[in-house]
Amino acid sequence: MQKFKKILVANRGEIAIRVFRACKEMGIKSIGIYSEEDKNSLFRTLADESYQVGVDKMPVEAYLDMNEIIALAKAKGADAIHPGYGFLSENPEFAARCEAAGITFIGPTKDMMVALGDKISSKKVAAKVGVPTIPGAERAVENDEDAIQLARECGYPIILKASAGGRGRGMRVVRDEESLLTEFHTAKSEAKKAFGIDDVFIEKLIIEPKHIEVQVLGDKYGNLVHLHERDCSIQRRHQKVVEFGPALCLNDEQREAICADALKIAGAVNYQSAGTVEFLVDKHGNHYFIEMNPRIQVEHTVTEMITGVDIVQAQIYIAEGYTLDSPQIDIKSQDDISVHGYAIQCRITTEDPDNNFAPDHGIIN
């Protein structure tokens with residue numbers, strides 16, 4: 001068992017503040033990092049120590065510089081790095097390089113990320129354990145001709161998705177062949193900018209779906225539980241705006257089935273740490289696995305509210321080597337997790353809804 005004394009949070013904003021809070025409650029010192037543009041941001045003042053990274057680099061680049069972040073963690077005596085969400089949180093190379101540097105990566109291992117962090121490879125995992133997936137190509141689209149052929153095989157409407165994607169980046173709905181190639185190249189460009197990988201694949205578009213995700217939590221010893229589900233169907237540009245839990249659209253039988261399938265997928269790789277298994281549910285109540293996010297998510301707070309489980313603290317305890325049934329985490333079995341009431345999370349963003357939700361500024365009243 002390793003007791004962390006200091007954790008570097010390789011992120012910014014709300015999630016950085018969330019992890020700093022968990023560290024403080026657990027008696028662990030925290031290290032924050034910030035770009036030049038974030039030097040006056042609130043989050044950097046809430047860490048025990050904070051240091052600028054990415055001097056003379058673009059803002060996003062600063063938070064993606066593995067070499068500088070790991071070097072800083074070593075120089076300042078960090079035992080572990082918490083990646084938050086976004087940025088390097090789903091980068092298997094970063095997880096491997098942290099471990100190689102003798103720093104614990106708070107999250108799943110490189111191999112787990114490779115198996116589940118990529119949408120294409122995760123569909124193969126789902127197929128192996130008998131969990132239904134949306135019809136579509138099981139590989140990245142190679143070129144324009146390949147895109148046209150695969151789209152015809154799926155049948156329009158289709159959806160283009162970035163293999164390494166999330167947060168709606170690299171995702172485009174295509175309703176006819178005339179617009180396919182334009183959207184294909186846009187999706188590839190977005191994917192490259194957001195994730196450093198421009199692989200894009202094609203799926204059949206499910207009409208009027210519900211977007212349901214199941215929170216899972218696993219330790220290093222094969223113990224795995226789900227913390228029930230959230231409904232994330234209210235979106236714009238394929239990005240979530242309102243999330244709530246538990247889902248209102250599921251009956252007890254559907255809820256039990258979707259949570260069981262989430263555990264099958266996570267269990268297939270002996271998943272450890274917090275993760276989220278995402279599904280689409282069609283109007284007939286059939287669910288289809290779409291991806292697994294091997295990290296903490298923005299909407300984890302919904303699940304914390306209805307279950308009473310502190311997911312960020314659990315992540316840290318698991319990384320230290322504690323079991324789920326240890327006094328620190330105190331989840332002895334799936335039966336220990338029950339839902340009380342409802343929780344709703346609304347994301348407030350400065351955007352203009354009359355201009356395709358383009359970034360905007362102004363006063364929130």
Side-chain angles (χ1 to χ4, degrees), residues 1-4 7-11 15-16 18-23 25-26 28 30 73 78-99 103-118 121-122 125 164 166 213-228 230 259 262-278 291-304 307 309-326 328-331 334 336-337:
M1 208 74 65
Q2 178 187 11
K3 177 63 180 172
F4 298 146
I7 293 174
L8 183 146
V9 181
N11 218 297
I15 188 58
R18 176 69 185 89
V19 181
F20 296 154
R21 191 188 86 194
C23 289
E25 290 169 348
M26 296 172 71
I28 300 170
S30 59
D79 308 292
I81 291 178
H82 194 301
Y85 46 66
F87 297 126
L88 295 168
S89 63
E90 295 181 73
N91 190 307
E93 181 187 351
F94 184 58
R97 288 174 67 172
C98 287
E99 298 297 341
I103 297 169
T104 301
F105 179 83
I106 299 176
T109 66
K110 172 190 172 182
D111 290 341
M112 294 170 191
M113 279 196 197
V114 169
L116 294 172
D118 178 277
S121 57
S122 65
V125 172
E213 56 189 28
V214 180
Q215 179 75 62
V216 299
L217 196 63
D219 63 24
K220 295 182 178 183
Y221 311 98
N223 302 304
L224 186 68
V225 295
H226 69 77
L227 306 182
H228 297 275
R230 303 181 288 258
C259 290
L263 290 179
K264 283 182 188 177
I265 290 169
V269 297
N270 294 316
Y271 190 80
Q272 67 184 46
S273 194
T276 303
V277 189
E278 303 204 9
E291 66 175 321
M292 179 168 181
N293 290 316
R295 54 171 169 81
I296 197 76
Q297 289 204 177
V298 175
E299 51 278 37
H300 73 277
T301 51
V302 170
T303 297
E304 289 184 327
T307 64
V309 176
D310 190 310
I311 298 172
V312 177
Q313 285 196 21
Q315 278 189 300
I316 295 171
Y317 281 127
I318 287 166
E320 288 182 322
Y322 288 98
T323 59
L324 291 184
D325 63 358
S326 65
Q328 288 77 8
I329 304 174
D330 198 27
I331 300 174
Q334 185 67 58
D336 279 357
I337 300 163

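Residues forming a side-chain hydrogen bond (donor to acceptor under 3.5 Å, both in side chains) with Glu304 (at least two apart in sequence, or on another chain): Arg18. Partners of Gln334 under the side chain to side chain contact (heavy atoms under 4.5 Å, CB included) rule, at least two apart in sequence or in another chain, are Val225, His226, Leu263, Ile337. Residues satisfying the side-chain hydrogen bond (donor to acceptor under 3.5 Å, both in side chains) criterion with Ser122, sequence neighbours excluded, are absent altogether. Partners of Asp325 under the side chain to side chain contact (heavy atoms under 4.5 Å, CB included) rule, at least two apart in sequence or in another chain, are Thr323, Lys332. Checked against salt bridge (charged side-chain N to carboxylate O under 4.0 Å, His left out), Glu99 has no partners two or more places apart in sequence or in another chain. Residues forming a side-chain hydrogen bond (donor to acceptor under 3.5 Å, both in side chains) with Gln272 (at least two apart in sequence, or on another chain): none. Residues that satisfy the side chain to side chain contact (heavy atoms under 4.5 Å, CB included) test with Asn91, not counting sequence neighbours, are Met66, Leu88, Glu93, Phe94. Every residue was checked against the ring pair (Phe, Tyr, Trp, His ring centres under 6.0 Å) condition with Phe4, not counting sequence neighbours, and none meets it. Annotation: side-chain hydrogen bond (donor to acceptor under 3.5 Å, both in side chains) contacts of Asp219 (sequence neighbours excluded): Asn223. Checked against side chain to side chain contact (heavy atoms under 4.5 Å, CB included), Ala262 has the following partners two or more places apart in sequence or in another chain: Val214, Val216, Val277, Phe279.
Evaluated for a side-chain contact (heavy atoms from CB on, under 4.5 Å) with His300, the options Val309, Asp310, Ile15, Thr276 yield exactly one hit, Ile15.
Side-chain atoms of Asn11 come within 3.5 Å of backbone atoms of Pro83 as a donor-acceptor pair (strictly under, hydrogens ignored).
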Let me check something: any side-chain donor-acceptor pairs from residues 106-115 under 3.5 Å, sequence neighbours excluded? List them with distances.
residue : atom : partner : partner atom : Å
Thr109  : OG1  : Met112  : N            : 3.3

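If you check the side chains of Gln328 and Glu320, you find no donor sitting under 3.5 Å from an acceptor.
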